[in-house]
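Letters go in sequence order (proteins before strands), and every chain restarts at 1.
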2 protein chains.
Amino acid sequence: MRYHKIPDETVRRLPMYLRGLLLCREQGVRDVSSRKLSELLHISPAQIRKDLSYFGAFGTPGVGYDTAKLAKQIRGILKIDTPNKAALVGLGNLGSALLKYPGFGAYGLQISAVFDNDPGKIGKIVKKVKVEDVSKLSTLKNKNIKLGIIAVPASAAQSVADALVKAGIRGILNFAPFYLDVPKKVKVITIDIAMVLARLPYYLPASA
Amino acid sequence: MRYHKIPDETVRRLPMYLRGLLLCREQGVRDVSSRKLSELLHISPAQIRKDLSYFGAFGTPGVGYDTAKLAKQIRGILKIDTPNKAALVGLGNLGSALLKYPGFGAYGLQISAVFDNDPGKIGKIVKKVKVEDVSKLSTLKNKNIKLGIIAVPASAAQSVADALVKAGIRGILNFAPFYLDVPKKVKVITIDIAMVLARLPYYLPASA
DNA sequence: TAAAGTTTGTGATTGAGTTCTCAATCACCA
DNA sequence: TGGTGATTGAGAACTCAATCACAAACTTTA
Ligand SMILES: NC(=O)c1ccc[n+]([C@@H]2O[C@H](COP(=O)([O-])OP(=O)(O)OC[C@H]3O[C@@H](n4cnc5c(N)ncnc54)[C@H](O)[C@@H]3O)[C@@H](O)[C@H]2O)c1
Ligand SMILES: NC(=O)c1ccc[n+]([C@@H]2O[C@H](COP(=O)([O-])OP(=O)(O)OC[C@H]3O[C@@H](n4cnc5c(N)ncnc54)[C@H](O)[C@@H]3O)[C@@H](O)[C@H]2O)c1
């Protein structure tokens with residue numbers, strides 16, 4: 001296919017396709033059609049084919065997609081074919097959960113540095129990672145870490161973001177309920193869990 | 001304004017507006033224009049006005065929106081003007097963080113029931129809530145709890161969802177990386193944290 | 001009271017993303 | 001080798017959401 005701007009929504013769905021493909025491979029399925037993937041992920045077959053077509057032609061007409069080959073392609077597109085290291089700031093309730101979570105590995109992601117400002121936490125070793133003082137954030141520069149995760153209170157989020165950017169971070173996953181002001185070259189994705197939950201009652205039947 | 005279907009995206013933004021309004025009120029601001037709100041939330045003024053206009057005319061030309069009044073309106077629209085109780089299933093790393101989080105209160109949400117299947121956790125009392133056996137999920141029916149939060153491993157998510165639906169739950173926030181099959185009357189929102197994080201490397205500069 | 005300056009609410013417009021459709025491609029089999 | 005059936009890839013059509021732009025509504029000031 002020819003030159004095209006890739007919709008953000010397409011990028012958002014790519015990891016889902018990867019998850020579906022991994023699921024297929026676990027079950028020993030070698031080839032999967034867009035229709036079968038659709039049943040697994042509940043994304044329309046046309047959507048899947050169009051999304052993939054932005055990046056090239058990976059399928060075989062009459063057969064579908066080779067699960068292993070397509071997974072590799074998607075990993076390449078997402079740049080998770082080589083491992084990515086991430087720095088976590090804020091080892092509170094949420095930060096601890098993230099650090100202990102083994103599921104990031106499937107996407108080539110690893111939390112390999114942790115920072116906090118609580119003297120009671122600094123120096124501790126959790127999951128083989130030593131908790132460092134947040135003032136040492138600048139040491140990230142020498143560690144080839146380009147991703148940051150913010151799990152500090154909202155009041156500290158902006159200053160942490162500033163420090164991360166100064167330390168060479170180029171992508172931030174932010175859990176604090178706060179809009180982060182960063183240079184354009186830095187990509188921020190915010191997950192505000194409370195806000196997502198707050199949206200559920202809207203869909204409840206009126207009677208309740 | 002005339003009859004209109006409300007875009008899902010609009011509903012998604014309503015809690016943001018509420019957050020902005022609360023921020024304003026904390027600072028003693030009585031009236032706020034769409035332009036000022038825009039600077040706070042980084043959503044365009046036109047977007048804010050259009051979103052609000054789906055539900056009525058809440059502002060005053062030349063002045064803006066009364067923060068207290070608009071906050072009340074939005075709470076009403078989202079149905080969080082009266083408290084909503086939620087049941088949490090899975091008191092692992094993530095579930096514990098959620099249970100301890102005080103920020104849900106701002107949206108009238110409260111986790112008032114917790115379930116797990118680990119005998120070592122059942123019976124414990126955390127944050128004044130007693131952890132119950134997951135087999136007792138049906139008791140929710142008598143408690144007027146309409147919201148559920150799933151924080152169990154992916155392999156258990158569907159069965160937990162089924163049990164929640166059977167117990168009368170009508171809205172589910174799911175953290176398991178799995179598509180949940182539920183009746184149409186039940187609204188599911190899934191947050192797959194790993195998948196969101198997996199999207200960040202895509203935006204990194206090619207050199208890295 | 002009148003004129004100047006804001007800001008809302010919304011119809012019209014633009015733009016982005018999804019779905020439709022079908023010719024082209026490939027595996028399989030007789 | 002040619003026919004059958006399945007499935008892709010991508011242009012066209014469509015749907016839905018975001019932005020524009022301005023009349024109407026309000027405040028302030030003199
Ligand atoms: N826990 C949840 O379920 C949940 C839900 C929604 C949103 N959030 C948001 O996620 C963020 C973290 O939540 P949490 O529950 O883990 O909070 P927490 O209070 O448990 O942990 C915050 C951690 O950040 C550290 N910290 C504070 N200021 C710091 C600074 N300037 N530099 C470095 N570290 C600092 C603290 O020492 C603590 O370890 C908050 O912004 C919260 O609003 C959490
Ligand atoms: N922790 C994270 O940062 C993180 C990140 C992304 C996704 N997730 C997802 O969130 C979910 C929970 O993650 P976690 O880290 O808290 O896992 P966890 O293993 O720490 O906790 C899971 C909890 O669920 C309980 N449980 C298991 N089966 C159950 C069942 N059938 N009924 C009731 N309870 C049951 C376990 O006893 C345990 O307490 C998982 O699906 C995980 O993939 C977590």
For [X] and [N], what is the distance between atoms [atom1] and [atom2] respectively, to the nearest whole Å?
| X | N | atom1 | atom2 | value |
| --- | --- | --- | --- | --- |
| A:Asp31 | C:dA27 | CG | P | 10 Å |
| B:Phe58 | C:dT7 | CZ | P | 20 Å |
| B:Arg35 | C:dG9 | CZ | P | 16 Å |
| A:Ile48 | D:dA10 | CD1 | P | 16 Å |
| B:Glu39 | C:dT7 | CD | P | 10 Å |
| A:Leu37 | D:dG9 | CG | P | 13 Å |

Is the A:Tyr101-A:Phe104 ring centre distance short of 6.0 angstrom?
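Yes, the ring centres sit under 6.0 Å apart.
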
Establish, with yes or no, whether the OP1 or OP2 oxygen of C:dT8 is under 4.0 angstrom from a side-chain nitrogen or oxygen of B:Ser34.
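Yes, within the criterion.
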
Would you say D:dT19 has OP1 or OP2 under 4.0 Å from some side-chain N or O of B:Ser44?
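Answer yes for this pair, as a side-chain N or O of B:Ser44 is under 4.0 Å from OP1 or OP2.
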
Could you point out which residue of A:Ile169, A:Leu109, A:Leu173, A:Leu88 forms a side-chain contact (heavy atoms from CB on, under 4.5 Å) with A:Leu147?
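Exactly one candidate clears the test, A:Leu109.
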
Partners passing salt bridge (Lys or Arg N to Asp or Glu O under 4.0 Å) against B:Asp116 (at least two apart in sequence or in another chain)
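B:Asp116 satisfies salt bridge (Lys or Arg N to Asp or Glu O under 4.0 Å) with no other residue.
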
Under 4.0 Å, counting only non-hydrogen atoms across every strand here, what does A:Thr10 touch: a base, just sugar-phosphate, or nothing?
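Touches nothing.
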
Can you tell me if B:Asp51 and B:Tyr17 form a side-chain donor-acceptor pair at under 3.5 Å?
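Yes.
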
Cut-off 3.5 Å, side chains only: do A:Ser135 and A:Asp133 have a donor facing an acceptor?
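A:Asp133 and A:Ser135 do have a side-chain donor-acceptor pair below 3.5 Å.
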
Once the angle between the rings of A:His42 and B:Tyr179 is folded into 0 to 90°, is it parallel (under 30°), tilted (30 to 60°) or perpendicular (over 60°)?
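Parallel: the ring planes of A:His42 and B:Tyr179 meet at under 30°.
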
Below 3.5 Å is the cut-off: list the nitrogen or oxygen pairs between protein and nucleotides 12-17 of chain D, distance only.
none

What's the shortest heavy-atom distance between B:Arg49 and B:Ser34, and which atoms?
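Minimum heavy-atom separation between B:Arg49 and B:Ser34: NH1-OG, 3.1 Å.
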
Residue closer to the 5' end of DNA chain C, A:Arg12 versus A:Arg49 (nearest nucleotide)
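Between the two, 5'-proximity favours A:Arg12.
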
Heavy atoms within less than 4.0 Å of DNA chain D: which residues of residues 59-77 of chain A have one? Give them sorted by number.
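Those residues whose heavy atoms fall under 4.0 Å from DNA chain D, taken from residues 59-77 of chain A in numerical order, are A:Gly59, A:Thr60, A:Pro61, A:Gly62, A:Val63, A:Gly64, A:Tyr65.
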
Passes salt bridge (charged side-chain N to carboxylate O under 4.0 Å, His left out), A:Glu9 versus A:Lys50? Steps please.
CA-CA 12 Å; A:Glu9 291 298 299; A:Lys50 169 128 305 221; over 6 Å; no

With a cut-off of 6.0 Å (strictly less than), are more than 12 heavy atoms of other residues, nucleotides or ligands near NZ of A:Lys69?
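No, NZ of A:Lys69 has 12 or fewer neighbouring heavy atoms, counting only those of other groups under 6.0 Å.
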
